[in-house]
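Values below: every heavy atom of this structure, side chains too, minus hydrogens, waters and symmetry copies. Note that the structure is predicted; figures quoted are calculated from it, not measured. Convention: sequence-line order gives letters A, B, ...; per-chain numbering from 1.
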Protein chains: 2
Amino acid sequence: MALQRLCRGSGALGCRRSSGLQGQLPGKLVEALRAVVGTPNVSTALAAREQHGRDESMHRCSPPDAVVWPQDVEQVSKLAGICYSHGVPIIPFSTGTGLEGGVTAVRGGVCFNLTRMDRITALSTEDFTVAVEPGVTHKALNNYLRDTGLWFPVDPGADASLCGMAATSASGTNAVRYGTMRHNVLNLQVVLADGRVLHTAGQGRHFRKSAAGYNLTGLFVGSEGTLGLITQATLRLHGSPEATVAAVCAFPSVQAAVGCTVQALQACIPVARIEFLDDVMMAACNRFSGLSYTVSPTLFLEFHGSPSSVEEQVRQAEEIVQLNGGSDFAWAREPEARNKLWAARHNAWYAALALRPGSKGYSTDVCVPISRLPHIVGETHRDLQESGLTGPIVGHVGDGNFHCILVFDPANLAESQHVKEFATRLARRALALDGTCTGEHGIGLGKRHLMREEIGELGLTVMRQIKATLDPKNLMNPGKVL
Amino acid sequence: MALQRLCRGSGALGCRRSSGLQGQLPGKLVEALRAVVGTPNVSTALAAREQHGRDESMHRCSPPDAVVWPQDVEQVSKLAGICYSHGVPIIPFSTGTGLEGGVTAVRGGVCFNLTRMDRITALSTEDFTVAVEPGVTHKALNNYLRDTGLWFPVDPGADASLCGMAATSASGTNAVRYGTMRHNVLNLQVVLADGRVLHTAGQGRHFRKSAAGYNLTGLFVGSEGTLGLITQATLRLHGSPEATVAAVCAFPSVQAAVGCTVQALQACIPVARIEFLDDVMMAACNRFSGLSYTVSPTLFLEFHGSPSSVEEQVRQAEEIVQLNGGSDFAWAREPEARNKLWAARHNAWYAALALRPGSKGYSTDVCVPISRLPHIVGETHRDLQESGLTGPIVGHVGDGNFHCILVFDPANLAESQHVKEFATRLARRALALDGTCTGEHGIGLGKRHLMREEIGELGLTVMRQIKATLDPKNLMNPGKVL
């Protein structure tokens with residue numbers, strides 16, 4: 001998700017009491033946790049619990065019964081073992097920037113705040129690999145890599161933890177060229193419910209490919225903490241582009257913008273970013289940032305490569321833009337000029353919120369085959385008009401993934417309900433077009449009711465069987481995904 | 001695996017009687033199979049069974065008790081249900097080009113020959129997707145796509161079935177740029193042991209990315225038929241490159257060739273193929289094809305893109321080649337000239353076999369972090385000399401994956417044993433360097449003893465738990481992988 005922040009401050013929606021152990025853990029259990037990490041690293045204070053019971057989504061806060069701050073994997077393993085023997089839920093937490101309520105403690109339990117595990121190890125500039133702990137965010141990693149000529153391209157917008165991004169199968173604006181977390185995680189260290197430590201591709205291994213048995217790494221990427229706690233991720237790095245060019249262009253219709261995207265991909269232009277903003281979003285961006293872009297469906301592009309390669313990419317892209325009736329093609333090379341050009345895209349979230357001062361935002365997350373985009377965007381526009389809702393659209397059009405940023409008054413319960421119903425209608429529209437209800441935010445709490453429709457009865461059964469096998473007591477982030 | 005054929009004619013090693021039902025199935029079961037697919041599509045004849053009891057590896061033939069030829073997924077489902085109710089093993093078979101004994105019926109059972117299911121459906125040139133049945137090979141698909149401007153890049157050398165390639169997590173020479181089957185399969189239709197039909201990403205869905213629940217597609221890719229029968233694969237296609245340039249260059253050492261590869265990747269040259277041949281292999285190729293390449297470590301490269309982009313790539317690559325002491329840099333643009341330039345690489349397998357007329361070949365398949373390649377290739381050379389074995393090396397150096405083509409006399413049992421021992425030593429050497437025992441051929445029969453060393457005790461336990469969950473009677477291709 002390339003929006004900067006979603007549902008910031010949703011804690012204002014208030015915290016419900018945890019439904020599990022009602023904020024009370026057996027004294028023995030708390031003592032055992034303290035014995036592992038020390039008294040200051042265990043908290044049962046309401047403030048700490050409430051702070052850990054929510055993410056940035058519109059889901060109501062559900063505080064855990066305690067929060068622990070382990071320092072290393074051995075401590076995580078011991079803490080999990082204690083929770084396991086007491087039958088107490090385990091919820092992972094790092095930056096809290098999730099968008100689907102993934103960290104809410106709907107059954108109470110112990111929240112594992114993993115941010116103090118923040119080591120970056122095993123960097124190999126020859127192998128293009130690095131290993132990170134859950135406290136390392138993608139911005140921190142890229143700062144660390146600055147002088148190496150390498151970078152990690154997956155960027156979900158918020159400065160999320162890389163292990164958290166692995167847990168939710170994050171992607172963002174660079175995915176069209178560099179892939180999602182599914183393509184860029186090589187190995188995971190995972191603490192299972194009972195405290196055992198699994199290395200999904202074998203301890204310390206960081207090869208680029210393998211055909212040795214079941215792809216356990218792939219199974220844990222996107223499992224949203226329901227199968228185990230990710231305590232280290234080995235990532236695939238990429239060479240930093242020598243040159244970068246940003247471009248923006250306007251189109252007469254959604255169809256034209258999507259047609260341009262398809263043709264650019266068919267022409268093998270290795271576009272690094274290709275983002276779509278609809279006319280409502282563009283108008284909002286103009287108003288918010290004092291810009292004067294044409295108010296029509298617009299593509300924001302970015303090209304990476306050698307100086308001459310990016311120039312050629314720009315030239316090819318401009319041709320395709322013109323063939324599709326695009327106009328006002330502008331491009332920029334230097335960082336400052338690029339940032340200025342992309343300002344509208346970068347500020348899209350805030351521009352949307354500014355449409356209704358005091359409002360909150362909720363982002364939908366459907367992803368469809370790219371050919372279905374014009375149809376679903378058209379239907380979504382109609383639905384917004386009929387519903388009287390405000391929801392500018394921004395999307396990773398090269399992936400077929402788009403977000404409708406619904407801005408609403410959280411105090412207006414009827415409107416909040418309308419937003420939820422709209423989101424479900426949109427998800428079902430995507431499902432009917434062979435798409436998915438979530439391209440990159442995950443299922444969390446809010447989309448569980450859509451899982452059966454998306455994956456089918458047998459798919460859901462198989463997922464539940466896998467969950468039951470790896471977490472027989474249903475302690476790992478219970479109530480999520482399935 | 002980019003070798004044309006491995007262990008061709010290994011049937012000469014002879015067939016062992018099936019150890020399961022001894023070639024005899026209950027008459028009722030055979031009748032039930034015939035009722036589903038018709039009498040001509042069920043065979044219990046020895047010739048058919050022996051033909052289906054082997055692949056192209058050095059593993060001894062183990063014939064199934066019967067072979068069935070279903071025509072569609074409904075028949076596969078019914079046939080599986082019958083086998084399930086009788087407790088009889090189910091073994092998938094398509095082109096039989098596997099390299100690790102994956103189709104051998106070590107416990108007897110019914111072989112499902114899926115080659116008559118050969119439909120290509122749901123091609124979408126806008127979405128870059130297509131669905132194929134198990135009878136469709138990658139060459140057949142690329143022929144079908146010829147006029148669409150799209151292609152499917154994963155090419156394991158042999159003209160394998162795409163569903164079989166999904167089952168074994170195949171890759172080959174293009175993987176450095178386009179990824180392996182793990183990156184290019186979007187959805188699978190799978191018949192489970194009891195006949196139920198699973199769609200791993202939901203029926204008919206063909207989106208580019210999703211964060212909806214566990215990645216079942218990724219779990220089945222590489223499962224080698226041990227979790228279910230793949231009856232359809234939805235694949236991601238790529239735009240055909242406008243221009244292609246092939247190049248070859250010689251290096252003073254393995255270190256120099258690998259250094260050149262690392263630098264090319266760090267410079268973000270989007271090389272499509274980068275293949276390494278050692279001096280022994282080059283000498284063999286010269287002799288086999290009447291060529292006069294320098295006998296030293298050599299890289300074969302291929303560049304894809306627009307005409308000016310590939311020219312720039314070649315220019316950049318040539319610079320890096322020179323920086324690493326490379327010489328004799330030759331390149332070609334037209335198909336005929338390219339084929340001539342790459343002839344040595346294309347004929348590597350036959351050139352290796354020709355080193356000892358009448359010999360057979362066995363290909364190792366380790367993959368290590370690329371920085372470890374010089375070390376492991378050096379050690380492997382030493383081991384070959386000490387063992388008195390002949391084993392030229394060819395590798396997908398951009399992935400860290402290489403094959404040592406061991407040529408030996410199959411009638412000489414001591415030598416066959418030496419080959420096996422050498423392969424295990426090499427695999428352990430790769431494991432000690434954080435690598436894998438199999439980059440792309442799979443575990444099959446021959447590498448099961450290495451799984452624990454690679455993935456660890458807990459990893460193996462988790463894989464076994466997943467297997468037991470999805471195939472509780474252990475009927476799906478039993479005796480493989482785990």
> When heavy-atom pairs shorter than 4.5 Å are enumerated against chain A, which of B:Gly204, B:Ala468, B:Gly435, B:Gly259 gives the highest number?
Replying inline: B:Gly435
Against chain A, label [X] side chain, backbone, both or neither, depending on which of its atoms sit under 4.5 Å from a heavy atom there.
X        : value
B:Gln263 : neither
B:His199 : backbone
B:Met463 : both
B:Thr168 : backbone
B:Thr200 : backbone

> Applying the side-chain contact (heavy atoms from CB on, under 4.5 Å) test to B:Tyr214, which of A:Leu227, A:Ile455, A:Val221 qualifies?
Replying inline: A:Leu227
> At a heavy-atom separation under 4.5 Å, does A:Pro369 approach chain B through its side chain, its backbone, both, or neither?
Replying inline: both
Top contributor to chain B contacts, counting heavy-atom pairs under 4.5 Å, from [options]:
options                                : result
A:Ala211, A:Gly202, A:Gly239           : A:Ala211
A:Asn187, A:Leu150, A:Thr226, A:Leu237 : A:Thr226
A:Ile370, A:Thr125, A:Thr217, A:Asn215 : A:Asn215
A:Ser308, A:Gly398, A:Ala212, A:Ser240 : A:Ala212
A:Ser169, A:Gly305, A:Gly213           : A:Gly213

Under 4.5 Å between any side-chain heavy atoms of [X] and [Y], yes or no?
X        : Y        : result
A:Leu219 : B:Val462 : no
A:Arg208 : B:Val176 : yes
A:Thr436 : B:Lys209 : no

> Under the side chain to side chain contact (heavy atoms under 4.5 Å, CB included) test, which residues partner B:Ser309, sequence neighbours left out?
Replying inline: A:Glu312, B:Ser306, B:Gln313
>> Walk me through whether A:Ile466 and B:Leu216 qualify under side chain to side chain contact (heavy atoms under 4.5 Å, CB included).
In response: CA-CA 10 Å; A:Ile466 291 170; B:Leu216 297 183; 3.9 Å; yes
> Under the salt bridge (charged side-chain N to carboxylate O under 4.0 Å, His left out) test, which residues partner A:Arg372, sequence neighbours left out?
Replying inline: A:Asp434
[atom1] of [X] to [atom2] of [Y]: how many Å apart, nearest 0.5 Å?
X        : Y        : atom1 : atom2 : value
B:Arg205 : A:Cys367 : CZ    : SG    : 11.5 Å
A:Thr469 : B:Lys467 : OG1   : NZ    : 14.0 Å
B:Leu431 : A:Phe207 : CG    : CZ    : 8.5 Å

> Please walk me through it: do B:Leu458 and A:Val197 pass side chain to side chain contact (heavy atoms under 4.5 Å, CB included)?
Replying inline: CA-CA 8 Å; B:Leu458 181 54; A:Val197 180; 5.6 Å; no
> Which atom names give the shortest non-hydrogen contact between B:Phe128 and A:Leu265, and what distance separates them?
Replying inline: CZ-CB, 3.5 Å
